K.L.:
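Sharing a structure below in structure tokens format, with a few things to ask.
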Amino acid sequence: MINIIKSIKVSSAVSAINISNDEVQILDSNYLLNAYSLQDMSILHKHMLSKKQDNRHTYDKSYALSDHLKIYISLYGDHSGLLFTMKNNKLVGKDSLTLHENSVSFASFSHNSGLLAIGDEDGKAFFYDLNIKKVILSLEPRADSISSISFSHNDRYSAICSYDKTVLIYDLDSNKKLSDSTLTDVIEDSIFLNDTNTLAGITRDKRIFKYDSSSNELVYTEFELDEWPSKIIELPENHVLVGTRGTNLYLINSENLELVKKISTQYIGIKSMLFHNNKLFIGYVNGRLELINTDYLSKEFELNLKLDKFEEATKLMEKNIFLLTHKSVKKYDKVWEQVLDIAKDRLVQNNVEEALKLVTPFFFDHKKEEEYRFLSSNKKDIEYFMQLIKDEKDILAFKFADDHEYLKDMKEYNTIELKWQKVYQVCKQMFSKDDMESSQKAIDTLRRYSSINSKKSQVDNLITNYKHFIRAQKLVKARNFKLYFILAGKKPFLTEEALFEKVTQLGHQTYLKLLDLEQKEDFEKAKPIATYLKDFTPFKEKADDHLESIKSKEDMLNYIEADDVEGVYASVSNNVELENFRSFINYHKIYNETKQFALESAKDGNTQEVYNKLDKYLVVNYLEDSISLVFKLSYLMEMEKSAQENMSAIHWPETIKRYVLIYDFDSEILSMIKQLDIESLIMSNESDFKKSTLNKVEYYDSILVYS
């Protein structure tokens, strides 16, 4: 079922796995870093990160490895951790991190290895900048320990999950909370899907969820897992893989959260997983690591499907279940309706074996198997229905289909439905002649169908309201869609007509054209199309929204051309959808680049330079939280640097007052006060230190007040 290339054993539970420079790094729970060749999994080197032994929980998650050869381990019991850097197979850096007052419960690196996220048992989450070696963000404590922290693919968003069953989605770029939701149980692990801020995760009540923080929409699987889930990773073609503390893996469709396959594993207890270039690494609590080739037999699989050899292709899937995630597997869905239709014909002809042979290769999908079994169990009814159609007994066929709804999905039903639609249109034309003889002929023709339950309403409406039907046709022919939709609103039976669907489809095509033009920023062509679309009542609200959106984008382009910083960001504050406007994204890049330069100055404690670089942005409310982090770092570094150079020259109470005025007594300043050993100067008069109540923050070009 899976193709295991290699299986190796390390000294204890496989806590973290990483790929870097053609090496596979494995960190086990005994603080041993093992490096193997990616080519043949031969051992390259080992490093003991700490000789300290402790009795951690088997599924402890306070270890982390990054793509840029950074390693973090927490030291159980003494509330600290160690950050290592590796270069040329040697540990060249070692920093002690004491960021928290309680034990670390979770650690992870951002995708670009710029940040280390650490959560502790007090519910605090810290984001440590690896370039400047400082905490740049600490969040308000959750009500319980941190269970998981994950980053979006672009490292803009982070999901902070807690044992209080909550998940906080945070925008690290703007330094703002996007959402804060409570789930059914503790989130064991989570990942962001694709390049979105949509989160997928696993909870301790054995469920899988998907959460869209933009719409606040939370969806769970309809089924529960058999075991406690432990790890979730993303696989190609909209799939996720869930590992458990038991002996099963679960392959899940991430679009609809349906179970694709349950896979048995050789060992108990999956602790870590990594997917890299079609290779899957699975680490177990017993120290075993398996390397699986998910691309095994993929070329043969693709070729068989190309040649419509479904039986052969399915047999290959039995040898490698991960072929289910191959893009070629979509062909099964494309041809299924046709295959099922042929199988139905074979059933009616009593060629049961031939029918079964056709559909069996598709039975890896339980839904398809159920569809076929249902047809097979209703073989006699299908045979009778098809005979009615063959004998041109359409009225009886319609009545029989009304009693057996599934028959309406068959192509044979479409043949009689098309015949009925032709009769219906001919009768309309007869009514349009507006003479007694034609009208009576139309009525007589229609009444033959009035005994069919599904047609009775349509027949009665046409006979009673034929003048409205004729008017509707004339309005559409004259392309007077505004009056047509007004008429359809007053006469709802018109909405059941094929004509209504046809006109609505025209509106939809026009709407797609509008979207395309707006996406290309061709507003001059987009505006008249949006105005034209307002005549289509089902699209009027959307058309108005897009006209308003186009106006906002045109205004923003004017602000950008004039380099009006306040105008640009005020527009985004009033309409958050403009955040995805390409011109704004490009303009905002300038701020982000400026912010990075300011951070370089901030890490040296050069607040004057920070102030000068960010000066034009200080008036922008939209950027306030983002700028706040840069100044905070600069202020802290400025204090630390001055304390080292000339401690006595600084009036520390007044300096701390300035900081507290902006940031309050946060964990960083409390740590600084302790580090400077000035607690007696500050904390005894804590009531004199108050955060500003003003909405607008005024930043200092230096936090220091001299004695």
Side-chain angles (χ1 to χ4, degrees), residues 1-4 7 9-10 12-17 26 28-29 56-63 105-106 108 144-150 159 161-165 167 183-191 193 199-211 218-235 239-254 256-275 280-292 294 318 320-322 324-325 364 366:
M1 185 172 277
I2 56 178
N3 179 240
I4 300 173
S7 179
K9 182 80 166 61
V10 296
S12 58
V14 180
S15 298
I17 311 166
I26 302 167
D28 67 31
S29 56
R56 293 173 185 257
H57 190 278
T58 307
Y59 290 91
D60 179 87
K61 296 182 281 188
S62 59
Y63 308 76
S105 56
F106 191 90
S108 63
D144 209 334
S145 302
I146 301 300
S147 64
S148 169
I149 302 175
S150 56
C161 308
S162 167
Y163 282 84
D164 63 3
K165 304 179 183 180
V167 54
L183 276 71
T184 55
D185 208 338
V186 176
I187 298 170
E188 191 71 34
D189 193 25
S190 66
I191 53 170
L193 297 173
L199 195 72
I202 47 179
T203 53
R204 290 194 169 182
D205 56 358
K206 303 176 183 177
R207 303 175 79 185
I208 304 167
F209 71 87
K210 189 163 70 170
Y211 175 60
L218 178 64
V219 181
Y220 289 95
T221 49
E222 294 182 358
F223 63 93
E224 289 186 6
L225 306 176
D226 295 332
E227 303 101 339
W228 187 329
S230 56
K231 188 70 179 173
I232 182 170
I233 62 171
E234 191 169 18
L235 293 182
H239 289 85
V240 294
L241 187 66
V242 174
T244 68
R245 296 189 182 189
T247 58
N248 285 309
L249 282 164
Y250 292 83
L251 185 60
I252 309 292
N253 184 314
S254 59
N256 53 29
L257 291 188
E258 290 183 355
L259 176 64
V260 177
K261 206 72 178 176
K262 183 165 74 171
I263 308 164
S264 296
T265 59
Q266 187 175 351
Y267 304 104
I268 295 175
I270 293 171
K271 186 170 183 182
S272 52
M273 292 193 295
L274 176 71
F275 182 78
L280 174 66
F281 298 82
I282 302 177
Y284 297 87
V285 293
N286 65 357
R288 183 65 64 177
L289 180 129
E290 290 181 334
L291 171 57
I292 296 164
T294 63
E318 292 170 1
N320 177 18
I321 200 64
F322 291 107
L324 280 165
T325 66
F364 66 88
H366 297 304

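Values below: all heavy atoms of this structure, side chains included; hydrogens, waters and symmetry mates excluded. Bear in mind the structure is a predicted one, so any value in this text is a computation, not a measurement.
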K.L.:
Nearest 0.5 angstrom please: Thr265 OG1 to Arg288 CZ, how far?
P.N.:
13.0 Å
K.L.:
May I ask you to decide if Gly287's main-chain N or O and Ser12's side chain share a donor-acceptor pair within less than 3.5 Å?
P.N.:
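Not at all, since once roles are kept as given, no pair shorter than 3.5 Å links the two residues.
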K.L.:
Distance check, rounded to the nearest 0.5 Å: Ser148 atom OG versus Leu199 atom CG?
P.N.:
8.0 Å
K.L.:
Drop me the distance from Ile146's CD1 to Phe106's CZ, to the nearest 0.5 angstrom.
P.N.:
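Result: 10.0 Å between the selected atoms.
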K.L.:
Run Ser264 and Asn248 through side chain to side chain contact (heavy atoms under 4.5 Å, CB included) and show every step you take.
P.N.:
CA-CA 5 Å; Ser264 296; Asn248 285 309; 3.6 Å; yes
K.L.:
Taking the basic N atoms (NZ, or NE/NH1/NH2) and the acidic carboxylate oxygens, is any pair closer than 4.0 Å for Arg245 and Glu227?
P.N.:
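No, this pair does not count.
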K.L.:
Holding to salt bridge (Lys or Arg N to Asp or Glu O under 4.0 Å), I want the full list of residues that pass it with Lys262, two or more places apart in sequence or in another chain.
P.N.:
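With sequence neighbours excluded, Lys262 shows a salt bridge (Lys or Arg N to Asp or Glu O under 4.0 Å) to Asp226, given in chain and number order.
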K.L.:
If you take all heavy atoms of Ile191 and Glu234, which pair is closest and at what distance?
P.N.:
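It is CD1-N, 3.6 Å.
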K.L.:
Say whether Tyr284 and Glu290, considering side chains only, have a donor N or O and an acceptor N or O under 3.5 Å apart.
P.N.:
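On atom types as modelled, these side chains qualify, holding a pair under 3.5 Å.
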K.L.:
Between atom CG of Leu249 and atom CD1 of Ile292, what is the distance when rounded to the nearest 0.5 Å?
P.N.:
7.0 Å
K.L.:
Please report the shortest heavy-atom distance between Ile270 and Tyr59, naming the atom on each side.
P.N.:
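Here Ile270 and Tyr59 meet closest at O-CE2, 3.5 Å.
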K.L.:
Going by the rule salt bridge (Lys or Arg N to Asp or Glu O under 4.0 Å), which residues pair with Arg207 if we only count those two or more places apart in sequence or in a different chain?
P.N.:
none
K.L.:
Compare all side-chain heavy atoms of Leu289 with those of Ser7 and state whether any distance is below 4.5 angstrom.
P.N.:
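No - every pair of side-chain heavy atoms lies 4.5 Å or more apart.
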K.L.:
Please tell me if the side chains of Lys231 and Lys61 come closer than 4.5 Å, counting only heavy atoms from C-beta onward.
P.N.:
no
K.L.:
With Val240, which of Leu251, Leu235, Ile252 fulfils side-chain contact (heavy atoms from CB on, under 4.5 Å)?
P.N.:
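With Val240 as partner, Leu251, Leu235, Ile252 yield a single side-chain contact (heavy atoms from CB on, under 4.5 Å), made by Ile252.
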K.L.:
Does Ile268 have more than 12 heavy atoms from other residues, nucleotides or ligands lying within 6.0 Å of its CD1?
P.N.:
no
K.L.:
For Val186 and Tyr163, which heavy atoms make the closest approach, and how far apart are they?
P.N.:
CG2-O, 3.5 Å
K.L.:
Scan side-chain atoms only and decide if Ser15 and Lys271 contain a donor-acceptor pair under the 3.5 Å cut-off.
P.N.:
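Lys271 and Ser15 do have a side-chain donor-acceptor pair below 3.5 Å.
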K.L.:
Can you find a pair of side-chain heavy atoms, one from Leu241 and one from Leu280, that are under 4.5 Å apart?
P.N.:
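Yes; the side chains approach each other to less than 4.5 Å.
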K.L.:
Report the C-alpha separation of Val285 and Ser230 in whole Å, then their side-chain angles, then the decisive distance to 0.1 Å, and conclude whether the side chain to side chain contact (heavy atoms under 4.5 Å, CB included) test is met.
P.N.:
CA-CA 11 Å; Val285 293; Ser230 56; over 6 Å; no
K.L.:
Using only atom types and a distance under 3.5 Å, with no angle test, would you say the side chain of Asp189 pairs donor to acceptor with the backbone of Ile232?
P.N.:
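Looks like yes, one N/O pair under 3.5 Å.
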K.L.:
Evaluate the side chain to side chain contact (heavy atoms under 4.5 Å, CB included) criterion for residues Phe281 and Ser272: first the C-alpha distance (whole Å), next the side-chain angles of each, then the deciding distance (0.1 Å), finally the verdict.
P.N.:
CA-CA 8 Å; Phe281 298 82; Ser272 52; over 6 Å; no
K.L.:
Within this structure, what is the CZ-CG distance for the pair Phe223 and Leu257, rounded to the nearest 0.5 Å?
P.N.:
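It is 7.5 Å, given to the nearest 0.5 Å.
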K.L.:
Might you point out which heavy atoms bring Tyr250 and Thr244 nearest each other, and give the distance in Å?
P.N.:
CE1-CG2, 3.6 Å
K.L.:
How many angstroms lie between atom OG of Ser190 and atom OH of Tyr211, to the nearest 0.5 angstrom?
P.N.:
12.5 Å
K.L.:
Using side-chain heavy atoms (C-beta onward) and a distance below 4.5 Å, is Thr294 in contact with Thr325?
P.N.:
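Thr294 vs Thr325: side chains apart.
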K.L.:
Please list, chain by chain and in numerical order, all residues satisfying salt bridge (Lys or Arg N to Asp or Glu O under 4.0 Å) with Asp28, sequence neighbours excluded.
P.N.:
none
K.L.:
Between Ile233 and Leu274, is a side chain to side chain contact (heavy atoms under 4.5 Å, CB included) present by the stated rule, with each step listed?
P.N.:
CA-CA 7 Å; Ile233 62 171; Leu274 176 71; over 6 Å; no
K.L.:
Any side-chain heavy atom of Phe322 within less than 4.5 Å of one from Asn3?
P.N.:
no
K.L.:
Between Leu193 and Lys210, which heavy-atom pair has the shortest distance, and what is it?
P.N.:
CD1-CD, 3.7 Å
